[in-house]
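Have a look at the structure below before the remarks.
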Amino acid sequence: MSSHYEAPIRRPLIVGEKSYHDITVEVAAPVEGKANKLWWTAFTIALLAFLWGLGSIIYTIGTGIGVWGLNKTVGWAWDITNFVWWVGIGHAGTLISAVLLLFRQKWRMGINRSAEAMTIFSVVQAGLFPVIHMGRVWNAHFVLPIPNQFGTLWTNFNSPLLWDVFAISTYLSVSLVFWWTGLLPDFAMLRDRAIRPFQKKIYSLLSFGWSGRAKDWQRFEEVSLVLAGLATPLVLSVHTIVSFDFATSVIPGWHTTIFPPYFVAGAVFSGFAMVNTLLIIMRKVSNLEAYITVQHIELMNIVIMITGSIVGCAYITELFIAWYSGVEYEQYAFLNRATGPYWWAYLLMMSCNVFSPQFMWSKKLRTSIMFSFFISIVVNIGMWFERFVIIVTSLHRDYLPSSWTMFSPTFVDIGIYVGTIGFFFVLFLLYARTFPVIAQAEVKSILKSSGEHYKKLRDGNHE
Amino acid sequence: MSNKVVQAMYNDDDILLDAVKETRSSNHHIEEVYTPFPVHGLEKAMGLKDTRIAITAFMYGCVGFMFSIWMMNYMMIEQWPQDIGGKPSFSFIQNMPAFVPIMFEMSVFFAAHLMVITFYMRSKLWPFKEAENPDPRTTDDMFVMEVLVDNNEAELVSFLEKTGTVEIKVTEK
């Protein structure tokens, strides 16, 4: 048993007396069982929100961007706020599956599958906004450098918006193959357990004929490691490039060098909050409390606390640098942010993002499920307002005072946003019923080192 | 050579690992081992060579890097240079800083996707591929070692029975 040794001080990651077979059964249970009333209720609500959003999108495309609340001064508002918000949420999945893999953090195994699913689903939402904002969505392929009838009409590689196209599409597709490769053995498990022929057919299709040969596993582990090594700089580059959309402009309040690290920290912050929101519910509904333990939630809360504090430092640095720069436009942009007509949004951002995570210093609060859930919602609201504050308050008071204006969203803006939340939950709820939501093969590989039962047996023997 | 194999089934990864070591040291040929999860040390015990897939990823990344340089140089500098915002694109080196993000993204794109495709090809994984694990329980909690029979069926079976196996089967492959 010595090869499975783990320091006794480390708390177990799998609670209870589990065998390999128990893990199989418990991970397969939500897929093999029937959906309960709660699932159907949640799904119906999400579907209705999605349909409302779809209606708003069709109305926008049919009528034009004029149906949004944008005006000549505020040319970017809800759409790009939602875009950055969704991309940011996506970051936690890659952070958990890639960065924690490189750091050999075993606690990632209980949550990485769902976190990656969240990544993919939220990047899909994010991608919708720039595409719709193009107005003529049928020309969306013009953002790609593909040969065309003009021969020489290429994209502008100097533009941060084009960098975004490359960053987001690389991110989405690489996350997808990372996720899918990890899913193969787990789909194979469902395939081999399936009783109904239709189910068997679907899961054998999805599992790509995975057989679990020793050589396959060797390659599987190497591929996971290399993908993690590639995804780590990738995920940092994606939000860096998103921040370039603003940082490379000449708008006071946007043109700052602190943006890339500040955006990345904010993305991790909001992403972990969303993982907490989703998993606190899922562990309960799908009976996975033995695999997604309070320790997992506590560790995520610590990440939220740290990244929230980094974001707080960035806010204060921004204010200081604006003052210290001596540039009056820069100074005014920040003064206006904090005390201008959008002061309430700034206050909401500060209290949700900087103040609220500080509660997590208390062990009692960060191990409380209810409190963690509450804070995760607060953080998500706060991070949405952060982007709103950065984008709208920097734009609404132009260089030319006669152009000064306010932004207010129309029902279409709100409809599309609510629609993407609905779409996201439609995808996530379907995922929770059809996919193995825990990376069961990986969890089995740590059962003997980090399972409560085995730890007890081993510690007993050594005493 | 016959294609007869003995499939010995184990219900624990540590027992399997010991069995693999024993079988190899008594000069039996292990055809294949099927496990439900990655068993650490198994590839060493079986004497499998290290995989070179990480090296291919590096090469694919280099291809992506070169391709992105060629693409941006061709499109923006050679074929149709433009003056965008007073910053003319007549020289690659002067425009290069703006190309760095896409060079990076393309390198990652090529490395990740081509490596995964290589993995799928080498391990024969694709949609509609039939699974080849000998028993459905090998994706749950069972470990199977397939040992090649070389006119020594009875001896091999009795040998394997002593390695802690829970089930044993002789089949034609």
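Note that the coordinates shown come from a computational prediction; the quantities given were computed from them, not determined experimentally. Chain letters run A, B, ... following the sequence lines, proteins first and then strands; every chain starts at 1. For the numbers below, each heavy atom of this structure counts, side chains included, while hydrogens, waters and symmetry mates do not.
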Checklist entry - When heavy-atom pairs shorter than 4.5 Å are enumerated against chain B, which of A:Ser207, A:Pro145, A:Gly209, A:Ala28 gives the highest number? => result A:Gly209
Next on the checklist: Within the structure provided, determine whether B:Val116 and A:Val174 are in side-chain contact (heavy-atom separation under 4.5 Å).
Outcome noted: no
Item to check | Straight-line distance of A:Leu184 CG to B:Ser123 OG, nearest 0.5 Å | outcome: 10.0 Å
Checklist entry - Does B:Tyr120 reach the side chain of A:Trp180, with side-chain heavy atoms less than 4.5 Å apart? => result yes
Checklist entry - Which region of A:Thr155, side chain (C-beta onward) or backbone (N, CA, C, O), has a non-hydrogen atom less than 4.5 Å from a non-hydrogen atom of chain B, or is it both or neither? => result backbone
Next on the checklist: Is a donor from one side chain sitting under 3.5 angstrom from an acceptor on the other, for A:Ser237 and B:Glu105?
Outcome noted: yes
Checklist outcome for this item: Whatever's closer than 4.5 Å to a heavy atom in chain A on B:Phe143 counts as side chain
Next on the checklist: Strictly below 4.0 Å, N to O, side chains only: are B:Arg122 and A:Asp216 in salt-bridge contact?
Outcome noted: no
Checklist entry - Counting only heavy atoms not in B:Phe159, do more than 12 fall under 6.0 Å of its CZ? => result yes
Checklist entry - Relative to chain B, which of A:Leu234, A:Thr240, A:Val238, A:Val443 shows the most heavy atom pairs under 4.5 Å? => result A:Leu234
Next on the checklist: Taking side chain as everything from C-beta outward and backbone as N, CA, C, O, which of these in A:Leu206 sits under 4.5 Å from a heavy atom of chain B? Side chain, backbone, both or neither.
Outcome noted: neither
Item to check | Straight-line distance of B:Asn133 CG to A:Trp210 CH2, nearest 0.5 Å | outcome: 10.5 Å
Next on the checklist: Heavy-atom pairs under 4.5 Å with chain A - which of B:Glu132, B:Gln82, B:Met106, B:Met46 has more of them than the others?
Outcome noted: B:Glu132
Item to check | Proximity of B:Phe109 and A:Phe166 rings by center, below 6.0 Å | outcome: no
Item to check | Close side-chain approach of B:His40 and A:Glu221, heavy atoms under 4.5 Å | outcome: yes
Item to check | chain B contact via A:Ile241 - which portion, at a heavy-atom distance below 4.5 Å | outcome: side chain
Item to check | Value rounded to 0.5 Å, distance of NZ in B:Lys87 from CG in A:Asn158 | outcome: 7.0 Å
Checklist entry - Under 3.5 Å, is there a donor-acceptor pair between the side chain of A:Trp217 and the main chain of B:Thr35? => result yes
Next on the checklist: Tell me whether A:Ile195 at atom CD1 has more than 12 heavy atoms from other residues, nucleotides or ligands lying less than 6.0 Å away.
Outcome noted: no
Next on the checklist: Is it true that A:Ser173 and B:His113 share a donor-acceptor pair across their side chains at a distance under 3.5 Å?
Outcome noted: yes
Item to check | Part of A:Asn156 lying under 4.5 Å from any heavy atom of chain B | outcome: both
Checklist entry - Top residue by heavy-atom pair count (under 4.5 Å) with chain A, among B:Val33, B:Leu17, B:Asp140, B:Asp141? => result B:Asp140
Item to check | Greatest number of heavy atom pairs closer than 4.5 Å to chain A - which of B:Pro97, B:Ala54, B:Ala98 | outcome: B:Ala98
Next on the checklist: Check this for me: B:Lys124, atom NZ, are more than 12 non-hydrogen atoms of other residues, nucleotides or ligands nearer than 6.0 Å?
Outcome noted: no
Checklist entry - chain B heavy atoms under 4.5 Å from A:Pro160: which part of the residue, side chain, backbone, both or neither? => result neither
Checklist entry - From A:Phe208 CZ over to B:Lys129 NZ, what is the distance, rounded to the nearest 0.5 angstrom? => result 12.5 Å
Checklist outcome for this item: Whatever's closer than 4.5 Å to a heavy atom in chain A on B:Leu125 counts as both
Next on the checklist: Heavy-atom pairs under 4.5 Å with chain B - which of A:Lys215, A:Gln440, A:Gln218, A:Glu442 has more of them than the others?
Outcome noted: A:Gln218
Next on the checklist: Counting heavy-atom pairs closer than 4.5 Å to chain B, which one of A:Thr248, A:Val165, A:Leu227 comes out on top?
Outcome noted: A:Leu227
Checklist entry - Do you know the tightest heavy-atom contact between B:Pro38 and A:Ala441? => result CD-O, 4.3 Å
Next on the checklist: If I take atom CG from residue A:Leu205 and atom CH2 from residue B:Trp126, how far apart are they, to the nearest 0.5 angstrom?
Outcome noted: 14.0 Å
Checklist entry - If you measure only the distance, is there a donor-acceptor pair under 3.5 Å linking the side chains of B:Thr51 and A:Arg219? => result no
Checklist entry - Which region of A:Tyr171, side chain (C-beta onward) or backbone (N, CA, C, O), has a non-hydrogen atom less than 4.5 Å from a non-hydrogen atom of chain B, or is it both or neither? => result neither
Item to check | Atom CD of B:Glu78: over 12 foreign heavy atoms under 6.0 Å | outcome: yes
Next on the checklist: Taking the basic N atoms (NZ, or NE/NH1/NH2) and the acidic carboxylate oxygens, is any pair closer than 4.0 Å for A:Lys448 and B:Asp13?
Outcome noted: yes
Next on the checklist: What I'd like to find out is whether the side chain of A:Trp154 reaches to under 4.5 Å of the side chain of B:Met76, using heavy atoms alone.
Outcome noted: no
Checklist entry - Measuring from B:Thr139:OG1 to A:Tyr203:OH, what's the distance to the nearest 0.5 Å? => result 13.5 Å
Next on the checklist: Between B:Pro36 and A:Tyr20, is there a side-chain heavy-atom distance shorter than 4.5 Å?
Outcome noted: no
Next on the checklist: I'd like to check A:Val226 versus B:Phe58 (side-chain heavy atoms, cut-off strictly below 4.5 Å). Are they in contact?
Outcome noted: no
